[in-house]
Amino acid sequence: MNIFNELGGLAISTRLQQLSDQFRKDGALIYKANNIDFEPKWFPVIYALHAKQALSILELSEEIGYAHPSTITLLKELEKEGLVESFKDGRDERKRMVRLSEKAQILVQKMQPIWEVIRKAAEDITNTANNLLLAMDETEYQLKKEGFFDRYQRLSQEETTSAVNIVDYKREHAKAFYDLNYAWISDAYEVEPEDEKVLEDPEKYYLKDGGAILIALYQGETVGTCALKQGDPGVVEMSKMTVSKEMRGKKIGDLLGNAIIEKARELGAEKVILYSNKKGSAAGINLYKKLGFVEVPLAGHNFKRADIKMELVL
């Protein structure tokens, strides 16, 4: 057992590659032992064209499960070897078809009894309690249901979500509230006097009049903020929504957004408004739309950078 055997699923690609390399290497030895000039990598194309007689390049790609560029590369190599030939489809001259050459057809006849022994040898290797061929069928089915990358994203998001806590602001969060908000404002805009006033004393600006501040904690560390300020009767303004650069893309903003809307309901609000900037906060605006906010005429803001107003009726 080597280090990759001990890693389990983490090394699945490496171990599959090692298996593939071993089968390809021994396959080449089998052809050589039978005085046949044939590369194992050619097998998918040669066998598919033998079985289907003629296919378009797109059809061939789908048949063998290769990307279009990879299929073209193989076809060029086989064409150079004189094993495939292309021709125009009689029903559509724009469509390029490929088929085995006469040389390849003779070669296939010679290889068929060898393929039968190869099949038996491979099944002899894989016919174990944990049958590899059956396991491959099951794995391919699972990948069709949900791809490797998609599963990674889902599981990663589930782990992040379970590790995030949305809590009410406490005085101990003051520095983090300042730092996180100053960072995104200064990165995209000019920090305005109104910003400084809010960041230096969020308790006075938001909490004194019955507003709220929510803090997103990831493994105990402050990674996001969002606040509500009381406005006209039944209306609260949402602002200072941000997530640290390192934690963006993990849907923490979604968690904060949903939590702040629920907080607005708890405060008895009938409407939540916000001001933003279409260019500098495009991702944020997409999130607001996802949360149910709609654009309304711009009015009543205190920031030069604001060029859009949105509201959500609760």
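The analysis underlying the following values was restricted to heavy atoms, covering all of them including side chains, and did not include hydrogens, waters or symmetry mates.
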Evaluate His50 against Gln105 for side chain to side chain donor-acceptor pair (under 3.5 Å), listing each step before the verdict.
CA-CA 8 Å; His50 163 66; Gln105 292 174 16; over 6 Å; no

Verdict with supporting geometry, Asp37 and Lys32, salt bridge (charged side-chain N to carboxylate O under 4.0 Å, His left out)
CA-CA 7 Å; Asp37 184 17; Lys32 186 176 181 181; over 6 Å; no

Given salt bridge (charged side-chain N to carboxylate O under 4.0 Å, His left out), test Lys144 with Glu140 step by step and report yes or no.
CA-CA 6 Å; Lys144 285 180 180 178; Glu140 288 168 352; over 6 Å; no

Going through the checks in order, is the side-chain contact (heavy atoms from CB on, under 4.5 Å) test met by Lys41 and Arg24?
CA-CA 8 Å; Lys41 66 180 178 179; Arg24 284 179 183 272; 3.2 Å; yes

Dump the intermediate steps for salt bridge (charged side-chain N to carboxylate O under 4.0 Å, His left out) on Lys52 and Glu59, then the final yes or no.
CA-CA 10 Å; Lys52 301 291 183 176; Glu59 290 169 337; over 6 Å; no

Would Ile36 and Lys110 satisfy side-chain contact (heavy atoms from CB on, under 4.5 Å), going step by step from the backbone distance to the final call?
CA-CA 9 Å; Ile36 294 176; Lys110 187 177 180 181; 3.9 Å; yes

Candidate pair Ile125 and Leu132, rule side-chain contact (heavy atoms from CB on, under 4.5 Å), full reasoning
CA-CA 9 Å; Ile125 293 169; Leu132 177 61; over 6 Å; no

Run the side-chain contact (heavy atoms from CB on, under 4.5 Å) test on Lys175 and Asp179 for me, step by step, so that the C-alpha distance in whole Å, both residues' side-chain angles and the decisive distance to 0.1 Å come before the verdict.
CA-CA 6 Å; Lys175 184 177 186 306; Asp179 291 343; 2.7 Å; yes

Go through the steps for Glu158 and Ser162 under the test side chain to side chain donor-acceptor pair (under 3.5 Å), then give the verdict.
CA-CA 6 Å; Glu158 287 174 1; Ser162 66; over 6 Å; no

Evaluate the salt bridge (charged side-chain N to carboxylate O under 4.0 Å, His left out) criterion for residues Lys229 and Glu237: first the C-alpha distance (whole Å), next the side-chain angles of each, then the deciding distance (0.1 Å), finally the verdict.
CA-CA 5 Å; Lys229 181 174 177 58; Glu237 179 185 343; over 6 Å; no

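Counting only heavy atoms from C-beta outward, the side chains of Ile64 and Tyr47 never approach each other to under 4.5 Å. Contact of the Tyr206 side chain with the Leu228 side chain is not registered, since no non-hydrogen atoms from C-beta on lie closer than 4.5 Å. Side-chain contact between His68 and Ile57 is present, with heavy atoms from C-beta onward closer than 4.5 Å. No side-chain heavy atom of Leu83 sits under 4.5 Å from any side-chain heavy atom of Leu100. The closest side-chain heavy-atom distance from Trp184 to Arg248 is below 4.5 Å. Between Lys290 and Asn286, every side-chain heavy-atom pair lies at or beyond the 4.5 Å cut-off. Using a 4.5 Å heavy-atom cutoff, the side chains of Lys278 and Ile285 are in contact. The shortest side-chain heavy-atom distance between Tyr275 and Leu298 falls under the 4.5 Å cut-off.
For the pair Ser70 (side chain) and Tyr66 (backbone), a donor-acceptor distance under 3.5 Å is absent. The backbone N or O of Ala122 lies less than 3.5 Å from a partner atom in the side chain of Thr126, making a donor-acceptor pair. A distance-only check finds no donor-acceptor pair linking the side chain of Thr242 to the backbone of Gly224 [under 3.5 Å]. The main-chain N or O of Val235 is never found under 3.5 Å from a side-chain atom of Asp232 such that the two would form a donor-acceptor pair.
Side-chain heavy atoms closer than 4.5 Å link hydrophobic residues (I, L, V, M, F, W, Y) into clusters, and following such links, even through other members, never connects Ile213 to Val272. When hydrophobic clusters are built by joining Ile, Leu, Val, Met, Phe, Trp and Tyr residues whose side-chain heavy atoms come closer than 4.5 Å, directly or via intermediates, Ile30 is not grouped with Phe23. Hydrophobic clustering (ILVMFWY, side-chain heavy atoms < 4.5 Å, transitive): Leu74 and Phe38 are in one cluster. Connection of Tyr189 to Leu180 is not established within any shared hydrophobic cluster, with ILVMFWY side chains joined at heavy-atom distances below 4.5 Å, either directly or through further cluster members. Linking Ile, Leu, Val, Met, Phe, Trp and Tyr residues whenever their side-chain heavy atoms come within less than 4.5 Å places Leu78 and Trp115 in a single cluster.
From Ile260, atom CD1 reaches atom CG of Leu214 across 3.5 Å, with rounding to the nearest 0.5 Å. How far CG of Leu291 is from NZ of Lys289: 12.5 Å, rounded to the nearest 0.5 Å. Taking CE of Met111 as the reference point, atom CD of Gln109 lies at 10.0 Å (rounded to 0.5 Å). For the atom pair Ser239 OG and Glu194 CD, the distance stands at 9.5 Å (nearest 0.5 Å). With rounding to the nearest 0.5 angstrom, the OG atom of Ser276 is 10.5 Å from the CE atom of Met241. Taken to the nearest 0.5 Å, the CG atom of Leu207 stands 13.0 Å off from the NZ atom of Lys204.
The minimum heavy-atom distance between Arg265 and Leu314, with the atom names listed, is CG-CD1, 3.9 Å. When all heavy atoms are compared, the tightest approach of Lys250 to Glu246 is CE-O, 4.2 Å.
Relative to the six-membered ring of Phe177, Lys240 misses at least one condition, a distance below 6.0 Å or an angle of at most 45° to the axis. A cation-pi geometry, defined here as NZ or CZ lying under 6.0 Å from the six-membered ring centre and within 45° of its normal, does not hold between Arg96 and Phe87.
In this structure, a donor-acceptor pair under 3.5 Å is absent between the side chains of Thr14 and Gln18. Using a 3.5 Å distance cut-off with no hydrogens or angles, the side chains of Asn258 and Glu262 do not pair a donor with an acceptor. Under 3.5 Å, the side chains of Thr225 and Asn181 contain a donor-acceptor pair of N or O atoms. There is no side-chain donor-acceptor pair under 3.5 Å between Tyr288 and Glu295. No side-chain N or O of Glu81 forms a donor-acceptor pair with one of Trp42 less than 3.5 Å apart.
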